[in-house]
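Some notes on the structure that comes next.
This is a predicted model, so every value here is computed, not measured.
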Amino acid sequence: MSDISVRPHIRELDAYVPGLSIAEIQQKYGLSQVIKMASNENPLGASPLAQEAVRRHAPFLFRYPQGGNPRLVQALAGLHGVDPCRVAVGNGSDEIIDLLIRILAEPGKHSLACFEPCFSIYPIQGRISGVEVRRCPLEKDFSFNFDALLGLVDQSTRLVFVTTPDNPSGYCPPREAVADLARRLAGLAPDCLLVVDEAYMDFAEDEASASLLASDMLPDNTAVLRTFSKSWGLAGLRLGYGVLPPALAEYFWRARLPFSVNILAEEAALAALSDTAFRRATLDAVRQGRATLRDGLTKLGCTVWPSAANFLLFQLPPGAGTARDCFEALLRRGIIIRPLNSYHLPEHLRVSVGDAKENATFLAAMRDILTGSEGRRA
């Protein structure tokens with residue numbers, strides 16, 4: 001079969017492009033050691049308690065998890081001080097994003113709105129679902145123009161996506177601005193849901209004042225998403241959650257596949273939630289490392305954008321060569337960061353915060369690349 005008949009909007013899709021893996025770079029360049037600072041993973045790894053929980057529950061892999069993951073739902077409700085009926089858990093927050101689109105938006109009839117660039121799963125899943133995707137550009141400093149975003153909204157719009165802190169810039173708008181967006185959206189399109197993706201909110205200097213979820217006034221038309229992939233260190237187990245309007249949460253559980261959150265993911269998450277020492281160490285490491293990378297790149301003449309996340313967006317100094325050349329030079333040294341062609345930012349790079357040794361190794365490599373030391377050694 002030389003071709004297959006698929007729906008036109010599927011044929012036109014660009015697939016999500018993940019960061020390069022350690023194994024890929026080891027094989028390509030013949031390296032024994034590789035540092036990965038590309039995918040915004042936890043620089044300290046996974047909680048020892050979570051690792052032990054996985055080992056302890058491995059003998060039960062033949063069992064299905066409990067339907068609805070009630071223990072995890074209760075734990076998350078307690079963590080955020082919300083009613084358990086509002087909590088939804090999924091196979092990564094990606095599953096929740098996908099289901100919200102499919103629950104709320106009818107193919108060929110409804111639209112969603114988001115910024116450009118943004119987390120690519122929003123537009124990808126919208127297009128897969130046959131929903132019109134409307135986008136408006138970020139400001140030149142990567143801040144949000146909420147007026148322009150609302151300008152995309154009409155009575156056909158069922159979802160508006162905002163990521164805060166944003167990816168790939170790390171920009172974090174004031175919480176009041178996001179709450180005001182929700183109020184204005186409710187007046188403009190009462191049937192539209194504002195989805196606030198707070199995947200990186202843990203890393204803000206003051207989460208309590210920056211997060212809409214942390215407020216006592218979560219708007220009725222708003223869903224807030226979080227993930228276990230970043231500060232909780234469980235990216236490989238695929239687990240995300242959301243706090244949804246209660247009626248919408250009920251429909252989510254009707255639509256979600258019965259066992260999409262596996263037994264090891266649930267047990268690891270419960271253990272991670274109890275490991276307050278590891279969580280504090282993670283947040284401290286990221287905030288300190290972020291400052292170290294920001295200061296180091298700035299001293300090298302790079303333009304570095306302010307970030308409240310566990311990564312930094314930066315641009316090389318004038319005359320220092322292309323972002324692609326820098327990316328490749330780092331790969332040869334066994335350091336993976338993220339080129340941003342998929343975000344349509346070919347002259348920008350994004351680096352995840354690593355541990356203290358990884359940050360120092362990356363900055364030393366950047367110093368050699370930008371001063372020409374690497375070329376002289378070659």
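Salt bridge present: Arg324 and Glu328 bring a charged side-chain N and a carboxylate O closer than 4.0 Å. Between Arg290 and Glu205 there is a salt bridge, since at least one side-chain N of the basic residue sits less than 4.0 Å from a carboxylate O of the acidic one.
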Worked verdict on Arg71 versus Glu267 for salt bridge (Lys or Arg N to Asp or Glu O under 4.0 Å)
CA-CA 9 Å; Arg71 291 184 301 138; Glu267 296 298 342; 2.4 Å; yes
Verify side-chain contact (heavy atoms from CB on, under 4.5 Å) between Val196 and Leu225, making sure each step is shown before the conclusion.
CA-CA 6 Å; Val196 181; Leu225 306 183; over 6 Å; no
Please lay out, stage by stage, how Leu234 and Asn42 fare under the test side-chain contact (heavy atoms from CB on, under 4.5 Å).
CA-CA 8 Å; Leu234 300 180; Asn42 191 311; over 6 Å; no
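Taking the six-membered ring for Trp, Phe142 and Tyr171 have ring centres at least 6.0 Å apart.
There is no side-chain donor-acceptor pair under 3.5 Å between Arg338 and Asn40. Between the side chains of Arg238 and Ser229, at least one donor N or O lies within less than 3.5 Å of an accepting N or O.
For Cys85 against Ala249, the heavy-atom pair with the smallest separation is O-CB, 3.2 Å. Here the closest non-hydrogen pair linking Leu264 and Ala58 is CD2-N, 4.2 Å. Contact between Leu212 and Leu218 at its shortest, heavy atoms only, is O-CD1, 3.8 Å. The minimum heavy-atom distance between Pro117 and Leu345, with the atom names listed, is CG-CD1, 4.2 Å. Pro317 and Leu300 make their closest contact through CG-O, 3.4 Å (heavy atoms, listed as atom of the first residue, atom of the second, distance). Minimum heavy-atom separation, Val353 to Phe311: CG2-N, 4.1 Å.
Side chain of Arg175 to backbone of Ala208: a donor-acceptor contact under 3.5 angstrom is found. With hydrogens and angles disregarded, no donor-acceptor distance shorter than 3.5 Å links the side chain of Arg350 to the backbone of Ile337. No donor-acceptor pair under 3.5 Å is formed between the side chain of Glu198 and the backbone N or O of Val224.
Using a 4.5 Å cut-off on side-chain heavy atoms (C-beta onward), Phe252 and Leu248 make no contact. Contact of the Phe362 side chain with the Leu330 side chain is registered, since non-hydrogen atoms from C-beta on lie closer than 4.5 Å. Side-chain contact between Tyr122 and Val195: absent, with no pair of heavy atoms (C-beta onward) separated by less than 4.5 Å. Residues Arg226 and Ser211 form a side-chain contact, since some pair of their non-hydrogen atoms from C-beta on lies under 4.5 Å apart. For the pair Phe228 and Leu237, the minimum side-chain heavy-atom distance is 4.5 Å or more. Leu194 is not listed as a side-chain neighbour of Pro219, based on a closest heavy-atom distance of 4.5 Å or more. Two residues are said to be in side-chain contact when any heavy atoms from C-beta on lie closer than 4.5 Å; Cys118 and Arg135 meet this criterion.
Identified under the side-chain hydrogen bond (donor to acceptor under 3.5 Å, both in side chains) test for residues 90-99, with sequence neighbours left out: Glu95-Ser260, Asp98-Arg102, Asp98-Gln125.
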